[in-house]
K.L.:
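My questions all concern the structure below.
Chain identifiers are assigned alphabetically (A, B, ...) following the order of the sequence lines, protein sequences preceding nucleic acid strands; residue numbering begins at 1 within each chain. What you see is a predicted model; the values in this text were computed from it and never measured. Only heavy atoms go into these numbers, but all of them, side chains included; no hydrogens, no water, no symmetry mates.
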Number of protein chains: 2
Amino acid sequence: MALQSGDNEKPISFGYNSMSWKPKSGSNWTLLGLRLLAALAAAAATLVMALNKETKTFVVATIGTTPVNLTLTAKFQHTPAFVFFVIANTMASFHNLVMIIVDFLGTKFEHKGHLRYLIPAILDMLNVALVSGGANAAAFMAEVGKNGNSHARWDKICDKFDKFCDHGAGALIASFVALALMLIISVISILKLRANSKN
Amino acid sequence: MALQSGDNEKPISFGYNSMSWKPKSGSNWTLLGLRLLAALAAAAATLVMALNKETKTFVVATIGTTPVNLTLTAKFQHTPAFVFFVIANTMASFHNLVMIIVDFLGTKFEHKGHLRYLIPAILDMLNVALVSGGANAAAFMAEVGKNGNSHARWDKICDKFDKFCDHGAGALIASFVALALMLIISVISILKLRANSKN
């Protein structure tokens, strides 16, 4: 038969007006590079947040001339949103590393071509949800830490724990970079699935 | 020519081992039903949160026998995370309604078949990111409202504004239902794209 819907990987032109995503193995490098950047950004977000800790000593009273000190520590573990942030970014980093490894081993799974592009497209979408949830939850919690909430009578803490807040801001920026990269990666995964289903 | 990569919509079998998603127009009803449910859940989350307001009067002091009252109002607008929650759920609701309408008008755009399944797959993925961000940000903020955060000296407010918190919890449940539906819808969109690219 001349007409087979097998998994042969030759380049295909999609006809008029169609987007020109070419399923060549060479074009993989863009995606792999983006995945590496996303993995690094998510790993940076995880590390900066997980190592974020600041201890400060405050003078709360004076008895005679002896100051009474209070030592307080700000840790990411004290805030559930930051714990979720660390978990989400860790998982996103691992996901991208695993996808890179699977891609390099990909030639061994060529015959499973019908799942080779479907599974990354679905997993990338799930990871976008995870990173978005973690980054947004932490960002809005950080906003309360920075500005407080006068209605709820929650005082800001960034005036006392400035280093903790600076590091937290760094972790948030890294995580939103990872989220932006994951959005691009997810779109590319969907485009690749579409291009490679056209056999 | 017998071999054309046109947009004819006849059912296709994908060969051995492949998942049996059939691109029949009848199978659209599942997706449309899920989209309607997601739109309703997101709209419910928006409405319950946007109408959430509780006013309470507290006795803060007594001068002689005259109580000094303080009237406080808890509103969703006081918390940026809840504002984002309302925006995210409104957009998710609109997105699903627009997708339903476009699907019913779909026969007019048959000739644009190569974008007909691509655009929903990408937009659904972006909406998943949006709803996930909104729902998670609000959920972690609600957790502080419910339990407080002793380390940051943020007192819980749900002991004073119990109705506000109950309504907020309802909105959160609706939003997480919408998120779960959006995840399923996004997977189905990706499967449909894959099935319909196989022409």
K.L.:
For the CG atom on A:Leu51, are there more than 12 heavy atoms of other groups (residues, nucleotides or ligands in this structure) within a distance under 6.0 Å?
P.N.:
yes
K.L.:
For chain A, which of B:Gly133, B:Ser189, B:Gly148 has the most heavy-atom pairs under 4.5 Å?
P.N.:
B:Gly133
K.L.:
Please report the closest heavy-atom contact between B:Ala137 and A:Asn136, naming both atoms and the distance.
P.N.:
CB-O, 3.8 Å
K.L.:
Relative to chain A, which segment of B:Leu72 carries a heavy atom at a distance below 4.5 Å: side chain, backbone, both, or neither?
P.N.:
side chain
K.L.:
Of all the heavy-atom pairs spanning A:Asn149 and B:His78, show the shortest one and how long it is.
P.N.:
ND2-O, 3.2 Å
K.L.:
What's the spacing between A:Leu193 CG and B:Arg194 CZ if we round to 0.5 Å?
P.N.:
6.5 Å
K.L.:
For B:Lys56, does the NZ atom sit with more than 12 other heavy atoms under 6.0 Å from it, leaving out its own atoms?
P.N.:
yes
K.L.:
What verdict does the side chain to side chain contact (heavy atoms under 4.5 Å, CB included) test give for A:Met141 and B:Met141, after you've listed the backbone C-alpha separation in whole Å, the side-chain angles of each residue and the deciding distance to 0.1 Å?
P.N.:
CA-CA 7 Å; A:Met141 201 54 68; B:Met141 202 53 70; 4.1 Å; yes
K.L.:
If you look at every heavy atom in A:Ile190 and B:Ala121, which pair is closest and at what distance?
P.N.:
CD1-O, 3.8 Å
K.L.:
Looking only at heavy atoms, what is the nearest atom pair of B:Ala129 and A:Ser132, with distance?
P.N.:
O-OG, 2.5 Å
K.L.:
Quick check: are there more than 12 heavy atoms from other residues, nucleotides or ligands sitting under 6.0 Å from NZ of A:Lys156?
P.N.:
no
K.L.:
I need the single residue from B:Leu126, B:Leu183, B:Asp124 that forms a side-chain contact (heavy atoms from CB on, under 4.5 Å) with A:Met125. Which is it?
P.N.:
B:Leu183
K.L.:
For B:Phe94, does the CZ atom sit with more than 12 other heavy atoms under 6.0 Å from it, leaving out its own atoms?
P.N.:
no
K.L.:
Please look at A:Ile122 and chain B and tell me whether the side chain, the backbone, both or neither of the residue comes under 4.5 angstrom of a heavy atom of that chain.
P.N.:
both
K.L.:
May I have the step-by-step check of side chain to side chain contact (heavy atoms under 4.5 Å, CB included) for B:Arg153 and A:Asp155, ending in yes or no?
P.N.:
CA-CA 8 Å; B:Arg153 303 188 173 196; A:Asp155 289 329; over 6 Å; no
K.L.:
Check whether B:Trp29 and B:Ile100 end up in the same hydrophobic cluster, where Ile, Leu, Val, Met, Phe, Trp and Tyr are linked by side-chain heavy atoms less than 4.5 Å apart.
P.N.:
yes
K.L.:
Are there more than 12 heavy atoms of other residues, nucleotides or ligands under 6.0 Å from atom NZ of A:Lys146?
P.N.:
no
K.L.:
Begin with the C-alpha distance, continue with both residues' side-chain angles, and end with the deciding distance and a verdict on ring pair (Phe, Tyr, Trp, His ring centres under 6.0 Å) for A:Phe140 and B:Phe140.
P.N.:
CA-CA 9 Å; A:Phe140 282 97; B:Phe140 282 97; over 10 Å; no
K.L.:
Which atoms of B:Val144 are under 4.5 Å from chain A, going by heavy atoms: the side chain, the backbone, both sets, or neither?
P.N.:
both
K.L.:
Counting only heavy atoms closer than 4.5 Å, note whether A:Thr79 contacts chain B via side chain, backbone, both or neither.
P.N.:
both
